[in-house]
Every structure is written in structure tokens, then in C-alpha cells.
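Report on the structure given below.
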Amino acid sequence: MKFNKVALSIACAAGFTVAGAAAANADTVTVKSGDTLSQIADENNTTVSSIQSLNSLQNIHLIFPGQKLVINANNGDAAVSTQQSAQTTQQASQQQTTQQASQQQTTQQASQQQTMQTTQQAVASSSEQAARDWIAARESGGSYTAQNGNYYGKYQLSSAYLGGDYSAENQERVANSYVLNRYGSWANAKSHWLQNGWY
């Protein structure tokens, strides 16, 4: 019977020694009134999830003043450092992916814009040119020097639009700008002219 008591005493002493060694390798913090787990984690360079798992907390929002929390156990700093490194790597990877997607989108947009310009140029050289010529024939008979009161040139534009420059190049440029801004295309301008007798 004495033998059992001695064995039990030795086992208890060994258990306390092991627990003491584990506690010696762990940093602990005593919760004060008003503390939050995230505040404790920030102050001790660790994470809420690390404190939660080390202390088997079921509710991270429920801690009490006087409660002792294990902060770092057996290389906890290394675990936090590894976690922070992993987060940094993940953020860099996400940023790189975002940049690649942005570059790809920019390339696609440029390609689409070039295709659209090519298509517009093809259309301009056929139906747009025909509509432009039709309007010029109705407005001035195609003459860059035709005058009708305040209107001048091949497309009978207001002198204010032309800004005093009556050259053929300026008339073409101003007419294109006017038609594209007001109607979107020469074909639309022609449709308007047919309905109203002017463009």
C-alpha cells in the first residue's frame, strides 16, 4: 500500500515538472479590464487565431479580467512570423495576378479599339463617303467656295464654326467633327437631312 502512495507521488511530481516546463516555454498574459483579444494579439506580435487555438477559446469575444492567456508556446514567434510571411506572399501574388489581368484587359481593349477603328475606316470609305458626298452635293454642289448668307463652303458650315479658316482641309475637319458630335455618322446626318431638309 505504501508502494502505491510513493508511485502516485512520483507520478504527480513528474506531471507538475512537465507542466512547469511547458509553462516555462510559454508566454502568458493576464487579461485586464477592457482588454480585447485583438488588442492583446497586436501588443504581443501574434494573431487572434493563434491565441484562440493555444487557449482553446470557443468565443474570441468572451475573455475575463484575471484570465491568463498563453500567447506564444514553443516557437510561437516563428509561427507568427511564418503566418505573416505567408500573408505577405499571398498579397504579393494577388497583386501580381491583378496587374497581369489589368495588362491583359488593356491589351484586349487596345486590340478591340484597333479592330473597331479598322471597321470604321472601312465603313467610312464606303457608305460614309457616299453620305458625305450626297450632303455636299445638296448643300453646295461640292464647291468649297459656295456662299449662302452666313454659311460657307462645301458643307455650308457657319462662319463661326470655321473660325475664319476657309481652307478645304479645315472645312473637311470641321464638318467631320460637327457631324460626328451631332449625329454620330454621315449616314445619320443624311437621314436627318432627308427628313428635315437640313443637317
Side-chain angles (χ1 to χ4, degrees), residues 34 36-50 52 60-61 79-199:
T36 64
L37 211 53
S38 61
Q39 175 188 14
I40 292 169
D42 288 343
E43 290 172 354
N44 292 282
N45 290 332
T46 188
T47 63
V48 171
S49 61
S50 174
Q52 182 182 15
I60 62 171
H61 303 287
V80 170
S81 176
T82 301
Q83 184 177 6
Q84 289 172 344
S85 175
Q87 288 173 347
T88 302
T89 302
Q90 182 181 9
Q91 289 171 348
S93 175
Q94 289 172 344
Q95 187 177 15
Q96 184 178 9
T97 301
T98 302
Q99 288 174 346
Q100 289 173 347
S102 177
Q103 289 172 351
Q104 185 178 14
Q105 184 179 10
T106 302
T107 303
Q108 287 176 343
Q109 287 173 344
S111 176
Q112 289 172 348
Q113 189 175 22
Q114 186 177 9
T115 302
M116 195 170 168
Q117 288 173 347
T118 303
T119 303
Q120 288 174 346
Q121 289 171 353
V123 168
S125 63
S126 59
S127 64
E128 288 295 292
Q129 184 64 44
R132 179 186 306 172
D133 292 343
W134 186 91
I135 288 174
R138 299 302 179 276
E139 292 293 321
S140 66
S143 170
Y144 285 108
T145 57
Q147 289 183 337
N148 182 8
N150 189 34
Y151 300 103
Y152 186 86
K154 185 174 181 179
Y155 303 101
Q156 290 296 288
L157 298 168
S158 154
S159 298
Y161 278 132
L162 294 171
D165 181 358
Y166 300 115
S167 67
E169 294 83 17
N170 189 50
Q171 287 184 43
E172 292 291 336
R173 184 182 57 76
V174 171
N176 279 330
S177 177
Y178 170 77
V179 166
L180 292 177
N181 286 328
R182 183 165 182 161
Y183 302 106
S185 71
W186 282 96
N188 291 343
K190 178 182 175 183
S191 295
H192 184 272
W193 198 101
L194 287 170
Q195 292 174 359
N196 300 292
W198 58 275
Y199 80 108

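For this chain, numbers begin at 1 and follow the sequence in order. Quick caveat, the model's predicted, so the values are computed rather than measured.
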(request) Side-chain contact test, heavy atoms from C-beta onward, threshold under 4.5 Å: evaluate it for Asn188 versus His192 and give yes or no. (result) no
(message) Take a 6.0 Å sphere around OH of Tyr144 and say whether it holds more than 12 heavy atoms from other residues, nucleotides or ligands.
(response) yes
(request) Indicate the atoms forming the closest heavy-atom contact of Gln156 with Asn148, along with that distance. (result) OE1-CB, 3.1 Å
(message) Could you work out, with side-chain hydrogen bond (donor to acceptor under 3.5 Å, both in side chains) as the rule, every residue matching Asn150, not counting sequence neighbours?
(response) none
(request) Indicate yes or no for a side-chain donor-acceptor contact from Asp165 to the backbone of Ser167 under 3.5 Å, with no hydrogens or angles considered. (result) yes
(message) Working to the nearest 0.5 angstrom, can you tell me the gap between Ile60 CD1 and Ser49 OG?
(response) 9.0 Å
(request) Locate the shortest heavy-atom distance separating Ser140 from Ala146; write the atom from each residue and the value. (result) CB-CB, 3.6 Å
(message) Assess, by modelled atom type and distance only, whether the side chains of Trp193 and Glu139 contain a donor and an acceptor separated by less than 3.5 Å.
(response) yes
(message) Measuring only between side-chain heavy atoms, which start at C-beta, is Gln100 closer than 4.5 Å to Gln104?
(response) no
(message) Could you tell me if the side chain of Asn170 sits less than 4.5 Å from the side chain of Arg173, heavy atoms only?
(response) yes
(message) Run the side chain to side chain contact (heavy atoms under 4.5 Å, CB included) test against Ser177 and tell me which residues pass, sequence neighbours left out.
(response) Asn181
(request) Can you see which heavy atom on Gly153 is nearest to which on Gln171, and at what distance? (result) CA-OE1, 3.1 Å
(request) Might you point out which heavy atoms bring Ile40 and Asn44 nearest each other, and give the distance in Å? (result) O-ND2, 2.8 Å
(message) For the OG1 atom of Thr46 and the CG atom of Leu37, what is their distance to the nearest 0.5 Å?
(response) 9.5 Å
(request) Check whether any side-chain heavy atom of Trp134 lies under 4.5 Å from a side-chain heavy atom of Trp186, and answer yes or no. (result) no
(message) Using 0.5 Å steps for rounding, measure from the CG atom of Asp133 to the CD atom of Glu128.
(response) 11.0 Å
(message) Restricting to non-hydrogen atoms, name the atom on Val179 and the atom on Ser185 that form the minimum distance, rounded to 0.1 Å.
(response) CG1-O, 3.4 Å
(message) Quick one, Tyr178 with Tyr199, criterion ring-ring contact (aromatic ring centres under 6.0 Å, His included). Give me CA distance, side-chain angles, the key distance, then yes/no.
(response) CA-CA 10 Å; Tyr178 170 77; Tyr199 80 108; 5.7 Å; yes
(message) What I want to check is whether the side chains of Glu172 and Asn176 have a donor and an acceptor closer together than 3.5 Å.
(response) no
(request) Identify the residue among Tyr151, Tyr155, Tyr152 that makes a ring pair (Phe, Tyr, Trp, His ring centres under 6.0 Å) with Tyr166. (result) Tyr152
